[in-house]
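Structure first, then comments.
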Amino acid sequence: QAQLVESGGGLVRPGRSLRLSCAASGSIFSINAMGWYRQAPGKLRELVARISSGGSTNYADSVKGRFTISRDNAKNTLYLQMDSLKPEDTALYYCNADPPFRIPGRADYWGQGTQVTVSS
């Protein structure tokens, strides 16, 4: 059964940190690369961080050097450590496989996301 549950978002001041967590079902997590995506109002959803099943990572230029993605395969959990947050990081953050998990015969599956707001 597919499941993605994001948590850890909140309202923070610029320069502060947040750590996001994602509990994923094993069917999504076990063999796939995983990523954190974000979507701000009026903008397209974008992939900001990616980690392969073997642990190699990639980051969007906008977050490189500030965000760190990690995974705990035993717990089927994905993390995003977000440091030096900027107002432009404000968005709804989602976890998913990369490419996004697709329920057979249906469109891509997404969880509810967790809101990150960076403001003074």
Side-chain angles (χ1 to χ4, degrees):
Q1 188 174 39
Q3 186 175 19
L4 294 164
V5 181
E6 301 93 344
S7 62
L11 173 62
V12 298
R13 301 187 186 94
R16 301 286 289 274
S17 297
L18 282 173
R19 189 182 189 231
L20 307 184
S21 297
C22 169
S25 58
S27 61
I28 298 174
F29 200 93
S30 294
I31 63 172
N32 295 307
M34 298 292 296
W36 283 97
Y37 303 75
R38 69 185 183 189
Q39 186 170 26
K43 297 183 178 180
L44 297 175
R45 181 153 43 205
E46 61 173 333
L47 177 68
V48 298
R50 180 185 190 273
I51 184 166
S52 73
S53 59
S56 61
T57 59
N58 300 94
Y59 300 93
D61 288 342
S62 58
V63 307
K64 190 174 297 182
R66 300 187 297 116
F67 290 9
T68 304
I69 188 172
S70 61
R71 63 194 294 163
D72 186 332
N73 293 332
K75 297 180 179 179
N76 291 339
T77 302
L78 186 72
Y79 303 97
L80 186 67
Q81 178 66 40
M82 309 166 67
D83 298 321
S84 302
L85 283 162
K86 303 176 180 179
E88 53 262 43
D89 295 319
T90 296
L92 188 61
Y93 283 72
Y94 302 87
C95 65
N96 212 328
D98 180 25
F101 178 78
R102 182 182 294 269
I103 298 173
R106 299 185 179 183
D108 294 350
Y109 172 81
W110 296 92
Q112 65 180 6
T114 185
Q115 178 68 41
V116 172
T117 302
V118 185
S119 176
S120 298

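Please read these numbers as outputs of a predicted model, since none were measured by experiment. Index from 1, following the sequence.
Ion pairing between D83 and R66 fails under the 4.0 Å rule for side-chain N and carboxylate O. Look at D89 and K86 and you find no salt bridge, because none of the NZ, NE, NH1 or NH2 atoms lies under 4.0 Å from a carboxylate O.
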Check against side chain to side chain contact (heavy atoms under 4.5 Å, CB included), S62 and R38: CA-CA 12 Å; S62 58; R38 69 185 183 189; 3.4 Å; yes
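Residues that satisfy the side chain to side chain contact (heavy atoms under 4.5 Å, CB included) test with Q3, not counting sequence neighbours, are V5, S25. Applying the side chain to side chain contact (heavy atoms under 4.5 Å, CB included) test to S52 and every residue at least two apart in sequence or in another chain returns R50, S56.
Taking OG of S27 as the reference point, atom CG of N32 lies at 8.5 Å (rounded to 0.5 Å). Atom CZ of R45 and atom CG of N96 lie 8.0 Å apart (nearest 0.5 Å). Atom CZ of R71 and atom OG1 of T77 lie 10.5 Å apart (nearest 0.5 Å). Note that the OG atom of S70 and the CZ atom of R19 stand 6.0 Å from one another [nearest 0.5 Å]. Here the OG1 atom belonging to T90 is positioned 7.5 Å from the CD atom belonging to Q115, to the nearest 0.5 angstrom.
Residue Y37 forms a side-chain contact (heavy atoms from CB on, under 4.5 Å) with just one option from L47, L44, L92, and that option is L47.
Nearest heavy atoms, S17 versus Q81: CB-NE2, 3.9 Å. Between S53 and N73, the closest heavy-atom pair is O-ND2, 4.1 Å.
The number of heavy atoms from other shown groups lying within 6.0 Å of CD (Q112) does not exceed 12.
The other members of the hydrophobic cluster of L4, by chain and number, are V12, L18, L20, I28, F29, M34, W36, V48, I51, Y59, V63, F67, I69, L78, L80, M82, L85, Y93, F101, I103, Y109, V116, V118 (side-chain heavy atoms under 4.5 Å, ILVMFWY only).
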